[in-house]
Every structure is written in structure tokens, then in C-alpha cells.
Amino acid sequence: MAGRRQVLSRREFLAGGAAAALGLWSCAPTPQAPQQAPAPAEEKPRYGGELVFAVDAEPPSLDAHRETTFALLHPFAPFYSTLLKFDQNNYPKVVGDLAESWTVSPDGLVYEFKLRDGVKFHDGSPLTSRDVVATYNKIIFPPQGVISARKALYAAVESIEAPDTRTVRFKLKYPSASVLTAGFASPWNWIYKADIIEKDPRWYEKNVLGTGAFKFVEYVPGSHVVGRKNENYFIQGRPYLDGFRAVFTIDRSAMVAAIRSGQVLVNFRSVTPQERDDLVRALGNQVVVEESPWICSQIVVLNNEKPPFNDVRVRQALTLAVDRWSGGQYLSQFTFLKYVGALMRPGGPFAMPDSELEKIPGFWRDINKSREEARRLLREAGIPQNFSFVLKNRNIEPYPSLGVFLIDQWRQIGLQVEHQLLETGPWTQDLRTGNFEAMLYFNCDFMDDPDLQLLSFISPERSPVNYARYRDPVLDELYDRQSRELDAEKRKQIVWQFERRAVGEMAYQLPALWWNRIVVRWAKLKGWKITPSHYINQDLVDVWLAQ
Amino acid sequence: MQRFFISRLLMVFPTLFGVAIITFVLLRLIPGDIVMLRYGTGALVSEDVLRAERARYGLDKPIHEQFIHWLWGLVRGDLGVSMWTGKPVAYEVAIRLELTLELAIMATIIAVALAIPLGTLAAVKQNTWVDYAVRVFSIAGLAMPSFWLGILMVLFLLIFFRWSPPVVFTPFWKDPLANLTQLIWPALAVGYRYSAVSTRMMRSALLEVLREDYIRTARAKGLAEQLVIVRHGVRNALLPVVTVIGLEFAFLIGGLVVTEQVFNLNGLGKLIVEAISRRDYTMTQALIMLSAAVFVFVNFLLDICYMWLDPRIRYR
């Protein structure tokens, strides 16, 4: 993608060099307001071309069942299929991927999927229900020594069967509200080949073989992944692209430069507000900006085992001191952080309306009243003025910015907080071992579902990700109730009840802010739409290039 | 002569053994291990699973056992398997070595091509405008970190040509033009800084040599000034310059972390930093040993160069 070349005279060249030394950014065109994505036009997709996109991290292994990073999904998801997937135009609606159709028994205990006919792995062998069963057995009942990162989400599944070559049947122990979407449309559940799994369940950690729209060509660690069109893909006429190249660009300035020069057309994860503005300023209408509330949030984890954080009044005071509404506006200017919400994504299907949210301590609109109440609670709990504690934090953005903001908020109720920035290793170690008083943590999921987003808030015996170290049978019971409630409206009410208790009445952990996803892509990249999660919609089946 | 070689060779082993111990111990003092980093937060796995995974990596064994196991592999030429990717360390190094070596060689060529003539010129024309210009040029190179110069280059190319160097490496033997289009920029950025150090060294060494008695003798016996400078001056002044060039070259193998990031180069420097931050012990240990071995080897070569440049060393 060569850029427009200009011939410079010697004088122009020297003048340019001097200008560069003084500050090259000042030479750029004047800033323009970011362009929002236009309404989808009725354009006829064009075949051909290679999509080059940036991935700003690298996967440890190639097995999606054991990994948890988007860095695996973005470059490798195009090689695979899942049972169901999310419809990018109607999120959170699910549509069949390998499944042609499916039924749910009236009692919600049996899910039966009919697979598409004629699906083939890239080695030419046919896909059958045996492959799906073997895959899900690996995920839900992994053999000894094989890690399944999301096994805990399938507690409801009792057994998996293959009555014939095109039918897969899941039997549940109890009805589950989320199993269809969070379970079978999970972007992590790539369908593997049964023969290979049976022979070596770890084969997929280093190798690629799927049924996806693209065939694997090469992976050069630290550099790139290449895929080419699967001519035998099970959807007629897809994919549109001849191939793709995912380039690992860990350094963000290198990534932005690559987008700006047109070498790569997009980074599907997100860019920061400044990066968005830089790209729009430089490229104008050649790029399209899409933004969405992201299913990622920052949470202040309080160690409920350590005094004084075992006192609900102290925890409530900490949440009451934070002006989230102003914080979101301020921090969104230079970080991903933007939206105010409790435990479910603002704007999502389970989100509490603002009118309800504003009643929860910590979300009141009147911050002066809120801080007054916080001071009163601290006095009542016997916390002296200038009481100090340590906020342990990760040393990558947006953690430090949020940490600084929170410390300033707590200072305003008379607390002195020391900010300790840690590298990811020690940060993770301290989080898991409870070696902290307060810590900033994040929660990122592939879809809006309370089973996923509330998991960090139930008792540690049931959740490996409750780092706040408290036990609350009431929350556990509410979690189970919502999980088994098949009526969406009733489920929502239980979820809100859970939220009010977890972050309001008991303030075990403090939701800080939710993220804003910003994707800037070259306008010629079509057929891709932003969703609230960067984990989904990466199979590139519908993506095409206009030029 | 033989004794010189043997004594130098024998010094290699205790040096590398010392590096091995320090690397191994220091790495394990950093909090957090690879299992914690990979599965500590995102994955819904229990402590039991983490323990089993640690055992798989051999991290549950006593530290001395781990050390002996690793050292035994090293002695046999087996660098081990990366804990992060599961691929052999030798493979991970091999795919990055070509780029790193090429960049180091290009930067060295640029540095030498600039440093020796400029340093000589500055010394010969001491205290003239030529000398001042060379000194300003070299001080600017010393003051400017190469990654910063790299950022300026990328911005300059982007703003004025709407172009940036390719982000994917193409081997020289596949497409020399594409290869040079990518590597010439970081090579210039690194080579400039590298040349600044060497230019200053060349200038001061030559100034010293030019005041020696044998230079006066050469001039007195009627040798042409050019011959005096080149044959008697430059050659003798090269000794410290060669040392600097050699050590800088060794540094370039694995030391260009930030420059590699700025130009998105898949080099060994970036790999070392990533390996440390991921607590990939096998990879980090192997890369540090490799880096140490390069330093030792380059030093060894320098010793040989000294002998060629200065016969007194040969006859001592």
C-alpha cells in the first residue's frame, strides 16, 4: 500500500528537516472532529485482496481452549469455526456457525444441534458430530494435564452425545440461562478434529487445523500470521478476501504509524482517544471511526480480610468518595475509560438504568453529599484523619491514570493513599495471594452475561476470580437464581438485586469505570462492524476490501 | 602466541559459568512466574491446576536441581524449550537472528564508514572549522538516543511522504530492495550514535599518536604526509577504536530493544525483554547466555585484532 510520493527540492527538503527537528506534529493538517461510521451502504462486496491488520500482543500458545488473550483470537480465529457465533449486525443475537439449526427441550435441559452438511477440515477430512463432542469434552472435562481456561462456566453440563454424524446433544443438570450464548457461541470454543485430540490433546497448542474461512499458511513468532482463502469453505461465496496477514505490532507508535501509512488497515482491538485523533487528523475521510461501550471494566478490589477493609463502613466510604460521573468525562479524553456503570455493561442488555444506578451509594449525582456521607462513615468506623493505605496497581495504561484519579478522590475525604505501580508478574502474584489492601483489577468478557460478569463477586470457594476474599451466601444464592432463570426480565431483576448488594450495601469491591472501544479502520475495509467485545466477530468471513 | 590463545580461551568458561549462575538466580528472585502470568487472572482455574502446570515446567523442583538440569542441557548444546510458546529456544532465536545480525552489521558499516574518516579529519585539522563541525556532529549523535532519532525518522517519512518503513521483515536473499527499505532506517539511527562514539575515540587516539616520536621520525625521513597519517598514524590509533567498535557490535546483538520497537523489528532485543516480562526462564537464560557468549567471542576477536594492529602484543 504505497503512499502518495512527492518529489522535494533541496530547499524544501532542508526546510522539512528543520521543521521535523522542531516538532513534526505541528506540520500535520489541522485537527478535525473524528468521523463516525456512516450508516451501512448497500454496496456490492468485492472479491480479492489481502487484508493486513495489526495485533498489539502475541499469543502464548495456539490453543484457544486454554488461552485467554485476544492476541490469539484475532490472528487465528479465521482458521476455525465454532458451533454458534454472534451476529455482528444484531449483537447479542446468535446465529449458527457450524450448527445449521438447534432445539432446546421445554425443560431447558437438552440442547440439540444439527450440524451443516459437507463441512471439511482444511486437511480435507469431513467434520462430524464426533469432532464437536471431542472438542467440548476437552473444554468441559479436560484430561489430566490439559488446561481448560473456561471449564468453570460449564458446571451445568452433564454430558455430551453424538446420536448421529450430524447431531450433537448436550444434557444439562439444571436449566442454564447462559449456556446457549456464553457456552456454545463462545469465540474460544474452536472446533478441533477428534482424531487429533484423542491422539494428543496438546497438539493444538502448536498447530493449526480447523474448518474456518481461511487456511493457515505461516506463523512467524514475533512477526506475523498469514492465512489464505479456503476455497472449500462451507458458506458458498465466502470469504471475499484472498487472504489476510496479521502483523504483531506491540509498540503502539509503530502500530499507529503502520495504520497511518496504510501498511495495515486496522487494529481490531482498540486505539486510544489520542491515537484516534491523530489518525483522523492525518487521514481524514480515508478512515472510519467506530466506538462502542466495551465489555471491559476496572474494579477496585478491596482485601476484605484486612482491617479496616473488613468494615463495610470503610468500604462504603471509599466508594462514596469517587465521582465516577466526572471521572468518566475526564479520563475518556486520554484513556479507554469512559462509562459509569455497576457490574453489567452500561448500554448492555442487563444494564441498570441511570435512574436506578444513581440510588446506589457511590453513584449519586451529588458528590458533595456523597463525600459528606463518606466522611461520616469513616468517623463512625473510627478511621483517623490522614489514614493511609496502599493502592497496588499495574504499570500499564489505563491503570496508572485511573489510580491517580482514585487517589485524588480519596484524598478529598481525608485519606492518604500510596500508589504502588507493579509489573504484571508481581501484580498478579499479589492479587492471587492476597498481598494487598486495595488493588486495581479488570474484568473483560466476550459477551454481556451475568454468569460471566458476576463471577468475580461470588464466594472464593465457587469462583477462582474473587480476589476480594469475602464470603456472602446471599450473593451466591442470587447468582445461582439468575443463572437458572430463563425469563430474561426476571433474570435482570435478580441481577440488579445482586449489584445493589455487591457494590452498594456491602461494597465488597468497587466498580470504577467501564471502557470505551474505539476502532479506526481504513474506509476501504468493509463488512466488519464494531461489537462491544474485541473477542468476537473476528472470523473475517464477511470482510472485504473496496479497492 | 599459543599461550596467549589458550589463556584467553580458558577465561571464557569461568566467565560464562558466572553469567549462568547470576542469570539463573536473579530471574527466580523476580516475583511472579510464567504460570501466574498466563493463568493468574484471565483463566478460571484453581490453585491445583496452577500447581500442576508449575510441575509440568519443572518449577516445583528445588532450585539447584533446576539449575543442574538446565546447565546439563546447555553443555550438550540444548537451549531448551520456551515456556511461553512451547517451541525450541533455538528456533525462536534463529527466526530473529538474521534480522538482528543484519542490522548490527549495517549499523557497524555505517559507523565505521563515518567514524574513521571523520575522526581522522578532525584530528588532522585540529581546531579548525572542520574539527568543530565533526565534534558538533559527534556530540549530537551521542546526545540523541537512537530510538528518538528513529521516531523522528518515522514521523518525517510519514508526514512528508505518507510512507513508513515496512513492518514485516523480508530476508535480504528473498528481496534485497524490500529488505534494505526496512532496515536502512534503523541502521542509520543506530549507526549514527555508534559512529559518534567511535569518531570521538578516533580523533583523540589519533591526536595522541600524531604527537609520538615515531611520527616525527617518519616526517623527518621525508615520508609524504598522507603516508604518515595513514600508515603510521591511523593504524596505531585504531587500537582503542577497534575496542569500541567491537563492544558496540556485541551490544547490538540483543541491546536494541527500543529501536526495534520503534521500527517494529522482530529482533533479539525485543525477544529478551518479552521473555523477561513473561518470566520465560528458559528463553531468558538462553538469550542472556547467548549475549554473554557474543561479548566473550567479540572480545576474543578483539584480542586477535590487537595482535595484528600492534606487533608489541604479539611479541610480548
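Every chain is numbered from 1, with letters handed out A, B, ... down the list of sequences. All values reported here derive from a predicted model rather than from experimental measurement. The analysis underlying the following values was restricted to heavy atoms, covering all of them including side chains, and did not include hydrogens, waters or symmetry mates.
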Contacts table for residues 455-463 of chain A: side-chain donor-acceptor under 3.5 angstrom, sequence neighbours left out:
residue: A/Ser459; atom: OG; partner: A/Asp472; partner atom: N; Å: 3.2
residue: A/Ser459; atom: OG; partner: A/Asp476; partner atom: OD1; Å: 3.2
residue: A/Ser459; atom: OG; partner: A/Asp476; partner atom: OD2; Å: 2.7
residue: A/Glu461; atom: OE1; partner: A/Arg471; partner atom: NE; Å: 3.4
residue: A/Glu461; atom: OE2; partner: A/Arg471; partner atom: NE; Å: 2.5
residue: A/Glu461; atom: OE2; partner: A/Arg471; partner atom: NH2; Å: 3.0
residue: A/Arg462; atom: NH1; partner: A/Asp480; partner atom: OD1; Å: 3.4
residue: A/Arg462; atom: NH1; partner: A/Asp480; partner atom: OD2; Å: 3.2
residue: A/Arg462; atom: NH2; partner: A/Asp480; partner atom: OD1; Å: 2.6
residue: A/Ser463; atom: OG; partner: A/Leu455; partner atom: O; Å: 2.7
residue: A/Ser463; atom: OG; partner: A/Val465; partner atom: N; Å: 3.1
residue: A/Ser463; atom: OG; partner: A/Asn466; partner atom: N; Å: 3.4

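Residues of residues 176-196 of chain B lying under 4.5 angstrom from chain A, judged on non-hydrogen atoms, do not exist here. Within residues 255-266 of chain B, the residues approaching chain A closer than 4.5 Å by heavy atoms are, in numerical order, B/Gln261, B/Val262, B/Asn264, B/Asn266. For residues 277-291 of chain B, heavy-atom neighbours of chain A at less than 4.5 Å comprise B/Ser277, B/Arg278, B/Arg279, sorted by residue number.
If you measure heavy-atom distances from A/Glu58 to chain B, the contacts under 4.5 Å come from both the backbone and the side chain. Only the side chain of A/Arg245 has a heavy atom closer than 4.5 Å to any heavy atom of chain B. Both the backbone and the side chain of B/Pro166 come within less than 4.5 Å of a heavy atom in chain A. For A/Leu431, the part lying under 4.5 angstrom from a heavy atom of chain B is the side chain only.
Counting heavy atoms from C-beta outward, B/Ile159 and A/Arg260 have side chains that approach closer than 4.5 Å. Between B/Val168 and A/Ser223 there is a side-chain heavy-atom pair separated by less than 4.5 Å. In this structure the side chain of B/Trp84 reaches within 4.5 angstrom of the side chain of A/Pro60, judged on heavy atoms. Using a 4.5 Å heavy-atom threshold, the side chains of A/Glu67 and B/Arg38 count as touching. Using a 4.5 Å heavy-atom cutoff, the side chains of B/Met36 and A/Thr424 are not in contact.
In this structure, B/Arg96 and A/Pro221 approach most closely via the heavy-atom pair NH2-O, 3.2 Å. Here the shortest heavy-atom pairing between A/Ser261 and B/Ser164 reads OG-OG, 2.8 Å.
Atom CD1 of B/Ile95 and atom OH of A/Tyr219 lie 8.0 Å apart (nearest 0.5 Å). How far OG1 of A/Thr428 is from OH of B/Tyr39: 13.5 Å, rounded to the nearest 0.5 Å.
For B/Glu53 and A/Arg66, the salt-bridge test passes: some basic side-chain N is under 4.0 Å from an acidic carboxylate O.
Without hydrogens or angle criteria, A/Lys206 side chain to B/Gly86 main chain gives a donor-acceptor distance under 3.5 Å. With hydrogens and angles ignored, the 3.5 Å screen pairs a side-chain donor or acceptor of A/Gln263 with a backbone N or O of B/Val167.
Counting heavy-atom pairs under 4.5 Å between each of A/Glu423, A/Arg252, A/His224 and chain B puts A/Glu423 at the top. When the candidates B/Met83, B/Glu274, B/Glu92 are compared by the number of heavy-atom contacts under 4.5 Å with chain A, B/Glu92 comes out ahead. Ranked by heavy-atom pairs under 4.5 Å with chain B, the list A/Pro426, A/Ala258, A/Ala254 is led by A/Pro426.
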- [ ] For side-chain contact (heavy atoms from CB on, under 4.5 Å), just list the numbers for B/Leu50 and A/Arg432, CA-CA rounded to whole Å, side-chain angles, deciding distance to a tenth of an Å, and then say yes or no.
- [x] CA-CA 11 Å; B/Leu50 296 185; A/Arg432 280 196 83 109; 3.5 Å; yes

